[in-house]
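Here the structure is laid out as structure tokens; the discussion comes afterwards.
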Amino acid sequence: MTTTKPRAAKAKRSTKASKVKGLEIDVQSAGITKIDTPALVVNLFRGVKKPAGATGAVDKALGGLITQLIEDGEIKGSAGETTLIHTLGKIKPSRVLVAGLGPQDKFDAQVVRRVSAEVVRFLRRKGISSAATTAHGAGIGGLDPQLSGQAIAEGAHLGLYKFGVYLTKSGESTNEFEKLTVMELDKDRAKSIEVGVKLGCTIARASITARNMVNEPANHMTPSRMAEAAQKVATNQGLKIEIMDNAQMKKMGMGAFMGVAQGTDEPAKLIVLRYDGDPSNPENNLGLIGKGITFDTGGISLKPPGGMEAMKGDMAGGASVIAAMEIIGQTKPKINVLAVIAATENMPGASAQRPGDVVRAMNGKTIEVINTDAEGRLVLADALCYARKQGITRLVDVATLTGAMVTTLGKACTGVMGNDDTLVQQTIDAGKKTGEKFWELPMFDEYKDLIKSDVADMKNSGGRQAGSISAALLLAEFVDGAAWVHLDIAGTSTSDKVSGYLVKGASGVPVRTLAQLASDLADAGPPKKSKSKAKAK
Ligand code: BES
Ligand code: MN
Ligand code: ZN
């Protein structure tokens with residue numbers, strides 16, 4: 001990942017070009033004005049009057065045309081701004097695209113991801129299928145060349161993404177954007193960029209795995225299909241996998257999960273993926289737990305019909321955990337990672353659980369089911385218990401858990417809650433590297449009253465107050481002293497508009513951050529014994 005340069009640099013170099021369905025990205029060491037390409041992409045910071053570096057060289061070759069356009073106010077250098085210039089034979093590239101990078105003091109890898117996405121989508125709209133680009137930010141921007149290559153690849157792949165599986169006629173653009181060449185004259189820097197491009201392609205490919213799963217309608221993406229998707233990842237990346245069915249889960253005492261699963265005829269699955277990156281140090285571990293509700297009707301506490309179709313995405317947590325394992329299997333951090341995905345539908349079938357039912361989770365704790373629509377915390381309770389039973393002492397769960405989260409933070413950032421300041425901070429910091437934003441919500445003891453029950457150890461709904469926090473407080477009852485972080489991605493798992501590298505529909509959040517976190521934790525080494533409250537069982 002971004003901090004593990006030595007490992008990434010050692011990565012095998014199979015081919016020169018990296019391909020993710022449709023788009024190929026390669027790196028070339030050549031002068032930019034000499035390359036034969038339908039479009040050469042250069043960049044400009046906001047407020048720059050006289051471009052330098054690669055943009056300056058192109059400007060000079062074009063007789064000061066870019067400077068003129070800046071003077072005329074046509075090019076401002078705002079982030080995402082795109083200006084197409086025809087070169088009329090003055091230089092080898094037939095067009096130059098000037099991409100704005102925004103203000104230099106706000107520049108980082110996230111800007112490169114966004115600009116890269118905007119650029120390739122712009123070119124696709126124009127029917128241009130290939131381009132050459134400078135490594136944005138690697139020059140005047142001061143960005144590490146490898147990171148620039150990674151961000152360009154992530155932005156381009158994620159920005160071009162379309163979920164077109166069920167469109168029998170293709171959309172407005174019949175042209176696809178197929179080939180991007182990153183140009184860098186210096187051979188050593190070109191090598192670094194290439195390593196970054198490869199890593200970025202791996203990461204984007206996995207994010208797209210998650211997006212595809214989430215965008216897939218629920219009649220296709222059933223719990224069994226989720227298990228098949230996980231199986232495919234396990235086979236391709238050499239991970240261990242175990243898929244458990246209803247009977248096995250009942251036997252393990254997963255009463256909370258099975259209470260939700262009893263409302264549907266669709267078999268539930270507990271999907272367990274294992275990556276052993278540090279087998280001689282079992283205490284160096286991380287558990288990734290995902291909510292895999294392949295459709296959430298609400299159950300007997302049925303949801304209103306308006307917008308219910310969005311509930312096909314209620315397995316986004318599980319999908320992102322599977323996809324993160326796809327990256328981890330390739331980047332190979334020195335840490336043991338266990339992924340646990342609790343997959344079922346939440347349907348109001350004839351045998352569905354009723355409001356007022358009491359269920360018992362794997363750790364023996366009882367829960368009064370006040371609202372069958374608060375099903376995510378029920379399935380996660382047992383998944384967390386399972387991970388603890390496997391000896392996991394650091395847990396991160398990912399779930400589209402509460403509508404309240406969308407109300408609180410909207411779609412700009414993911415809500416974080418947890419019981420361990422270090423792990424919370426490590427998660428937020430990993431997000432700063434990937435450009436996925438996180439914001440912590442409090443877990444004050446005062447909120448615990450919200451889920452007190454008269455008939456069981458707790459109830460599964462805390463009512464209208466602090467809905468995201470009361471849900472997290474229920475999960476906290478099942479982590480048994482382990483360091484734990486909960487990510488509520490109800491808002492961030494989908495996007496309602498095209499923006500930067502996001503397109504309408506599934507976002508792939510927080511796949512890249514989970515993989516980054518695994519890598520960061522591996523680099524930091526096993527958690528300090530004195531600080532960890534949890535014992536491996
Ligand atoms: N899957 C939903 C949460 C959700 C809502 C995700 C909107 C994405 C968009 C979850 O299972 C749910 O229904 N939560 C209830 C909990 C309530 C009954 C305590 C909610 O948020 O309304
Ligand atoms: Mn629900
Ligand atoms: Zn749900």
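In each ligand, atom 1 is the first atom listed, and ligand 1 is the first ligand listed. Throughout, residue positions are numbered sequentially from 1 according to the sequence presented.
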Next on the checklist: Evaluate Gln465 against Leu450 for side-chain contact (heavy atoms from CB on, under 4.5 Å), listing each step before the verdict.
Outcome noted: CA-CA 8 Å; Gln465 290 178 29; Leu450 292 169; 3.8 Å; yes

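Considering only non-hydrogen protein atoms, atom 22 (O) of ligand 1 sits nearest to Gly403 N, 4.5 Å. The closest protein non-hydrogen atom to atom 18 (C) of ligand 1 is Asn371 ND2, 3.3 Å. Protein heavy atom at the shortest distance from atom 19 (C) of ligand 1 is Ser461 OG, 3.6 Å. Closest to atom 8 (C) of ligand 1, if we only count protein heavy atoms, is Met311 CE, 3.6 Å. If you check which protein heavy atom lies closest to atom 2 (C) of ligand 1, you get Asp296 OD2, 3.5 Å.
When heavy-atom distances to ligand 1 are checked against a 4.0 Å cut-off, Lys303 comes that close only through its side chain, counted from C-beta outward. Of the heavy atoms in Lys291, only side-chain atoms (C-beta onward) come closer than 4.0 Å to ligand 1. No part of Met315 comes within 4.0 Å of ligand 1, judged by heavy-atom distances. With a 4.0 Å cut-off on non-hydrogen atoms, Asp373 touches ligand 1 through its backbone as well as its side chain.
With sequence neighbours excluded, no residue forms a side-chain hydrogen bond (donor to acceptor under 3.5 Å, both in side chains) with His157.
Between Ile243 and Val272 there is no side-chain heavy-atom pair separated by less than 4.5 Å. Taking the side chain as every heavy atom from C-beta outward, Thr513 and Leu487 never approach each other to under 4.5 Å. Contact check for Leu239 versus Arg274: no side-chain heavy atoms found under the 4.5 Å cut-off. The shortest distance between side-chain heavy atoms of Leu23 and Phe177 falls below 4.5 Å. Side chains of Asn371 and Pro355 form no contact here, defined as non-hydrogen atoms less than 4.5 Å apart.
For the pair OD2 of Asp314 and NZ of Lys291, the angle at the Zn ion (ligand 3) is about 90°; rounding is to 10 degrees. Geometry at the Zn ion (ligand 3): OE2/Glu375 and OD2/Asp296 form an angle of 90°, nearest 10 degrees.
Of the options Asp314, Asp296, Asp397, a side chain to side chain donor-acceptor pair (under 3.5 Å) to Lys291 is made by Asp314 and by none of the others. Put simply, the residue from Lys365, Lys448, Lys459, Lys452 that forms a salt bridge (Lys or Arg N to Asp or Glu O under 4.0 Å) with Glu477 is Lys365.
Taking the six-membered ring wherever Trp is involved, the centroid distance between the rings of Tyr166 and His220 falls below 6.0 Å.
Here 4 is the count of protein N, O or S atoms positioned under 2.8 Å from the Mn ion (ligand 2), waters not counted.
Of the N or O atoms in Arg377, none lie within a sub-3.5 Å distance of an N or O in ligand 1. Between Glu375 and ligand 1, an N or O atom pair is found at a separation short of 3.5 Å. The shortest N or O to N or O distance between Ala374 and ligand 1 is not below 3.5 Å.
With respect to the salt-bridge test (charged N to carboxylate O, under 4.0 angstrom), the residues Glu216 and Lys312 do not qualify.
Within 6.0 Å of CD in Gln248 there are more than 12 heavy atoms belonging to other residues, nucleotides or ligands.
Per-residue contacts place Thr400 under 4.0 angstrom from the following atoms of ligand 1 (heavy atoms of the residue considered): 1 (N), 2 (C), 3 (C), 6 (C). Close approach to Ala490 involves these atoms of ligand 1, each under 4.0 Å from a residue heavy atom: 6 (C), 8 (C).
Closest heavy-atom approach to atom 10 (C) of ligand 1 within the set Thr402, Asn346, Leu401: this belongs to Leu401.
Within the 3.5 Å criterion, the main-chain N or O of Ile370 finds a donor-acceptor partner in the side chain of Asn460. A donor-acceptor pair under 3.5 Å is absent between the side-chain atoms of Arg113 and the main chain of Ala153, judged by distance alone.
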